[in-house]
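Here is the structure we will look at, set down as structure tokens.
Just so it is clear: chains get the letters A, B, ... in the order the sequence lines come, proteins before strands, and each one is counted from 1.
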Amino acid sequence: MRSSQYLLATQKETPADAEVISHQLMLRAGLIRKLASGLYTWLPTGLRVLNKVAGIVRDEMTRTGAIEVLMPVVQPADLWQESGRWEEYGPELLRIKDRQQRDFVLGPTHEEVITDLVKREVSSYKQLPLNLFQIQTKFRDEIRPRFGVMRGREFTMKDAYSFHLSHDCLEKTYQDMYQAYCNIFERMGLEFRPVIADTGSIGGSMSHEFHVLAQSGEDAIAFSTESEFAANVEMAEALAPSTERTGPTAQMQLVDTPHAKTIAELVEQFNLPVEKTVKTLIVKASDDIEAGLVALLVRGDHELNGVKAEKLSQVATPLTFASEAEIRSALGAGPGSLGPVGLPIPLIVDRAVAAMSDFGAGANQDDKHYFNINWERDVALPQVADIRNVQAGDPSPDGRGVLEIKRGIEVGHIFQLGDKYSKAMNCGVLTESGKHQVLTMGCYGIGVSRIVAAAIEQNHDKFGIIWPDAIAPFRLALIPMNMHKSHRIQEAAEKLYQQLTQAGIDVLFDDRKERPGVMFADMELLGIPHHIVIGERNLDDNRVEYKSRRSGEKHLLELEQVLAFIQAL
RNA sequence: CGGUGAGUAGCGCAGCUUGGUAGCGCACUUGUUUUGGGUACAAGGGGUCGCAGGUUCAAAUCCUGUCUCACCGACCA
């Protein structure tokens, strides 16, 4: 490609609304432009990267025996009514009507369509197992799109769906996908980790997420220092403290605490260790709880884990915090003065709270706390559950080492779905014995467009992007200096360009009439991994200069060596 | 959906308090200059000041409404 006949679209200045580095660089390097909130146009350079990412994904998927299809973005509402997700899915599902006033949705995912397809097309056990995938645009009306294509509303995703007669067979495909995903991210040159994950609203049992590690990641991941254990913090189990609860050492006392509405204020004003305080959180209860509310207790320095809390049968789904007004009318005190003693609604305490003694908590009267509360003596120990987020330094759930927390960008997610969709939509085949059997499914997603952003988060410096070779928009930048004034340089550049292009190398030939500094700066911003600079000085010796974008190393090459050198990289 | 803030040239911003001919830097065009790291000088093109209504002789500026965008929070595959 000649830059004079291309749309480079690089910019010096960073638009004000780009927060994370990948978003800034994608705009500056001319990869994307925003059309509206969460909607982006892919410019030629960005599309080249996107296509390379998609190509690797397609290649590795095909290698495992998965077969590519392409399903519509617009889907009829009946399918969603059939699976039950027309009601289940919230406002994130964009619903539209056609000219006949029939309901449709813009597909946020394709379980319904694929299940319907397989139901119609597959009728015998002999056709199984089957793994179908597509690389397609998805639309999710995100509450808060941000970070450019990292969390856009419209995005490109690879989604695969496998169909099986038995769980063992699903298990095997799941493992194959796990391995394929590792291969994909390795080929792209990304630092990633598979972690145990929550299945969320897609449903199912076993699930892993694949995270690209980066400071700006939206998810927190817990790793063991000693073992292979890695899980999304949402899922990482917080073990019960290994030490027994100690006995009471002091009488419970009621204390006036007019200026202590938060744990921090309580700790500061009353010289109470934070590990001796308890937070009382009030959430909406599920329908079978009469009180309508449930109290969740975690230690003062711990955080409630919403995913874990939502799984408790007493807690309403989705997890909803009670408003101050609801709390006052049900409990007679404000949120800053709540505690377990005398609380008239069901209580669930975290494992760490159950192990506490002589602790302080609200007295369920405004501006008063009880200090030196002890379970059993002052209040019965209620139901105990794991409802907090793990923290750095907590013991690993597998018993080996302690946890460390890092941030990650979720770029892949694999699920063992089971029969959630196949059952709801009656997707089955005849078995060997002639009986109808509902199929077991797996589903496997990769955020293709998100990978582009994630790769930049991991590969950049102050000059711009540094693409891994496998996903670079161009592998090589050909930079002639003052070509418009020198026939020798023009001749050498044209010849190299022909030669490299014919050898199948993606070359960006910067033939613009620009100053050297402008060209260097643009090629670095674009992140092209390998640069060849042609100048008068070196041409006298029949040489050009090679420079690696990543390492910065430079050396001279004979003109005749260039092709072989690049091919050997 | 709640809180906060912002909409003025392609991008980044000033002007608004105190109403009176719309500005700066970058980018773009032309010329000269420069030529291995975003040259310098000169001349130019480009704006219904988000939109609608109101006040006024006069509105980017004051008032009302509305739309859009961003950040924080809640929420979320």
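Residue-level contact check: A/Asp219 touches neither bases nor backbone, having no heavy atom under 4.0 Å from any strand. Using a 4.0 Å heavy-atom criterion, one finds that A/Arg151 contacts the bases of the nucleic acid, with or without backbone contacts as well. At a threshold of 4.0 angstrom between heavy atoms, the contacts of A/Glu524 include nucleobase atoms, whether or not backbone atoms are also involved. Counting non-hydrogen atoms under 4.0 angstrom, A/Lys34 reaches the backbone sugars and phosphates but no base. Here A/Glu19 lies in heavy-atom contact (under 4.0 Å) with sugar-phosphate atoms only.
Closest approach to the A/Glu410 side chain among B/rA77, B/rG36, B/rC76 is made by B/rA77 (side chain taken as heavy atoms from C-beta onward). Checked against B/rG38, B/rC76, B/rG36, the side chain of A/Phe520 finds its nearest nucleotide in B/rG36. Side-chain proximity of A/Asn482 to B/rU35, B/rG38, B/rG36: nearest is B/rU35.
If you find the closest nucleotide of RNA chain B to A/Asp522 and to A/Ile143, the one lying nearer the 5' end belongs to A/Asp522. The residue among A/Pro516 and A/Glu218 whose nearest nucleotide of RNA chain B lies closer to the 5′ end is A/Pro516.
Comparing the same atom, C1', in B/rG3 and in B/rU8 gives a spacing of 27 Å after rounding to whole Å. B/rG44 and B/rG7 have their P atoms separated by 30 Å, with the value rounded to a whole Å. One P atom belongs to B/rC24, the other to B/rG15, and the distance between them is 15 Å to the nearest Å.
The side chain of A/Arg140 places no N or O atom within less than 4.0 Å of a non-bridging phosphate oxygen (OP1 or OP2) of B/rA77. The phosphate of B/rC71 (OP1 or OP2) has a side-chain N or O of A/Arg144 nearer than 4.0 angstrom.
Across the protein-nucleic acid pair, A/Leu304 atom CG and B/rA74 atom C1' stand 14 Å apart, rounded to whole Å. Nucleotide B/rC76 holds its P atom 15 Å from the NE2 atom of A/His413, rounded to whole Å. If you measure from atom CG of A/Leu526 to atom C1' of B/rG38, you get 14 Å, rounded to the nearest angstrom. Rounded to an integer number of Å, the gap from A/Lys547 NZ to B/rG36 P is 16 Å. Rounding to whole angstrom units, CZ of residue A/Arg33 and C1' of B/rA27 are separated by 12 Å. Between A/Lys462 atom NZ and B/rG37 atom C1' there is a gap of 12 Å when expressed in whole angstrom units. Computed from coordinates, the A/Lys513 NZ to B/rU32 C1' distance equals 12 Å when rounded to whole Å.
For A/Arg95 and A/Trp86, the positive end sits near the middle of the six-membered ring, less than 6.0 Å away and at most 45° from its axis. The cationic atom of A/Lys554 (NZ for Lys, CZ for Arg) does not lie both less than 6.0 Å from the six-membered ring centre of A/Tyr546 and within 45° of the ring axis.
Pairing partner, B/rG23: B/rC13, with both Watson-Crick or wobble hydrogen-bond distances short of 3.5 Å. Nucleotide B/rG46 has no partner under the Watson-Crick or G-U criteria, as no pair reaches both atom distances under 3.5 Å.
Proximity of A/Tyr174 to A/Ile414: side-chain heavy atoms (C-beta onward) are separated by under 4.5 Å at one or more points. Considering only heavy atoms from C-beta on, A/Glu410 stays 4.5 Å or farther from A/Phe210 through its side chain.
Within the 3.5 Å criterion, the main-chain N or O of A/Ser313 finds a donor-acceptor partner in the side chain of A/Ser286.
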**Message:** Return a single string for nucleotides 4-14 of chain B, one symbol per nucleotide in 5' to 3' order, where B is base contact, S is sugar-phosphate-only contact and - is none, cutoff 4.0 angstrom on heavy atoms.
**Reply:** -------BSS-
